[in-house]
Protein chains: 2
Amino acid sequence: MRKHTLGSLTWIRMMRFTNQSNQLSNEFLKRFDLTTAQFDVLIQIKTYAPLTQSQLAEKVTVTQGGMSRMLARLEKEGLIERKQNWKTKTISLTAKGEQMIDAATPSQLHFQSSFFEEVLTEEEMKSLYTLMSKIEKHSREKKLPPA
Amino acid sequence: MRKHTLGSLTWIRMMRFTNQSNQLSNEFLKRFDLTTAQFDVLIQIKTYAPLTQSQLAEKVTVTQGGMSRMLARLEKEGLIERKQNWKTKTISLTAKGEQMIDAATPSQLHFQSSFFEEVLTEEEMKSLYTLMSKIEKHSREKKLPPA
DNA sequence: TGTTTTCACTTGATTAAGCAAGTGATAGTG
DNA sequence: CACTATCACTTGCTTAATCAAGTGAAAACA
């Protein structure tokens, strides 16, 4: 039984890598009292605010329910604000949230990059980015094959 | 505020991709009554059995506690067996488990591959695999930077 | 031989995510 | 104008993972 394909091997490696690096990233962000997921949504808010919960959920690949709870937590900690606005809720960072994300961003981006920079050449990193962009875009449009 | 680096952009893309494709994969595997995580450990057992829980946990980047529960579930469903052996537990597939994984493997590997094959050339896939191998290996050895 | 260490695994408590049903306000229809 | 549909968000339930404390059996040591 030797039926692994190049694609499936790549898939496994990628899963392992993201799992592992996500765990390390969570540990790393403890010093800023954040999780990787929280950092991710805060960055999105900072970049795209004002935006609605659904838009946010879609951006970070999470269900609406998950986003609802996650934002409730962030709101309780005073990092974001939600204003009922027409029939949607508009989300924005509080001063505290802004401060938090500004403090964490440089180190976190550097940390994320280090996973690649420490082993790849500039050339390789560019090509990896191009490949990932293609693949990620494709996965968003992908449908399940029929049973 | 434009401090995103190539590395951090790549990181995000990869996280989104694995998240998304993991969800699709779970949905796909429903037709075999498996989750992606379960498929993963069954394959590992099939390939490397006999092995201990700790070895397995390490291979799939999960804590020992997580592995303990996961195997308990698989055992309850009759897919694997655990034998107390000296002071470790030796894990192996049951006939049912073997049958299950053999049935699921071809489609699942094909499905996994399709994320790449549908958008990349043979050339690109090879280079992606090489890059991922380097990165994944590196991440396993990576330590947190000091605060 | 009796006591302590170590090792592999389990388990209780907590956290977070998904799904699907529920809520409440606005829009559209007869 | 009442009534239904729709939309954005919330919430109850379930699943699964982490961490850390617990268990029990073999090893090491005095």
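So you know, we letter chains A, B, ... as the sequences are listed, proteins then strands, and number each from 1. Not measured: the values here are computed from a predicted model.
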Can you confirm if the aromatic rings of B:Phe115 and B:Phe17 lie within a centre distance of less than 6.0 Å? yes
side-chain contact (heavy atoms from CB on, under 4.5 Å) with B:Gln55: which residues, sequence neighbours excluded? B:Leu51, B:Thr52
Select base, sugar-phosphate, or nothing to describe what B:Ser68 touches, counting heavy atoms under 4.0 Å on all strands. base
Within this structure, what is the CE-OG1 distance for the pair B:Met14 and A:Thr18, rounded to the nearest 0.5 Å? 8.0 Å
All side-chain hydrogen bond (donor to acceptor under 3.5 Å, both in side chains) counterparts of B:Glu118, not counting sequence neighbours: A:His138, A:Lys142
My understanding is that only residues two or more places apart in sequence, or in another chain, count here; which of them pass side-chain hydrogen bond (donor to acceptor under 3.5 Å, both in side chains) with B:Gln112? none
Quick one: B:Asn26 CG to D:dA17 C1', roughly how many Å, whole number? 14 Å
Give the rounded distance in Å between these two atoms: CD of B:Glu27 and C1' of C:dC19. 12 Å
Sequence neighbours excluded and cut-off under 3.5 Å, please list the side-chain donor-acceptor pairs for residues 70-79 of chain A, or say none.
residue: A:Glu75; atom: OE1; partner: A:Arg82; partner atom: NE; Å: 3.2
residue: A:Glu75; atom: OE1; partner: A:Arg82; partner atom: NH2; Å: 3.0
residue: A:Glu75; atom: OE2; partner: A:Arg82; partner atom: N; Å: 3.3

Linked, directly or transitively: B:Ile135 and B:Ile12 (ILVMFWY side chains, under 4.5 Å): no
Between P of C:dC7 and CD of B:Glu58, the distance in whole Å: 16 Å
At under 4.0 Å, does any side-chain N or O of A:Arg82 touch on OP1 or OP2 of D:dA8? no
Tell me the interatomic distance from A:Lys83, atom NZ, to D:dC9, atom C1', rounded to whole angstroms. 17 Å
Salt bridge present between A:Arg13 and B:Glu136 (N-O < 4.0 angstrom): yes
Quick one: stems for DNA chain D, with Watson-Crick or G-U pairs under 3.5 Å, at least three in a row? C:1-30 with D:1-30
Would you mind building the protein contact string for nucleotides 13-18 of chain C? One character per nucleotide, 5' to 3', B for base within reach (heavy atoms under 4.0 Å), S for sugar-phosphate only, - for untouched. B--SSB
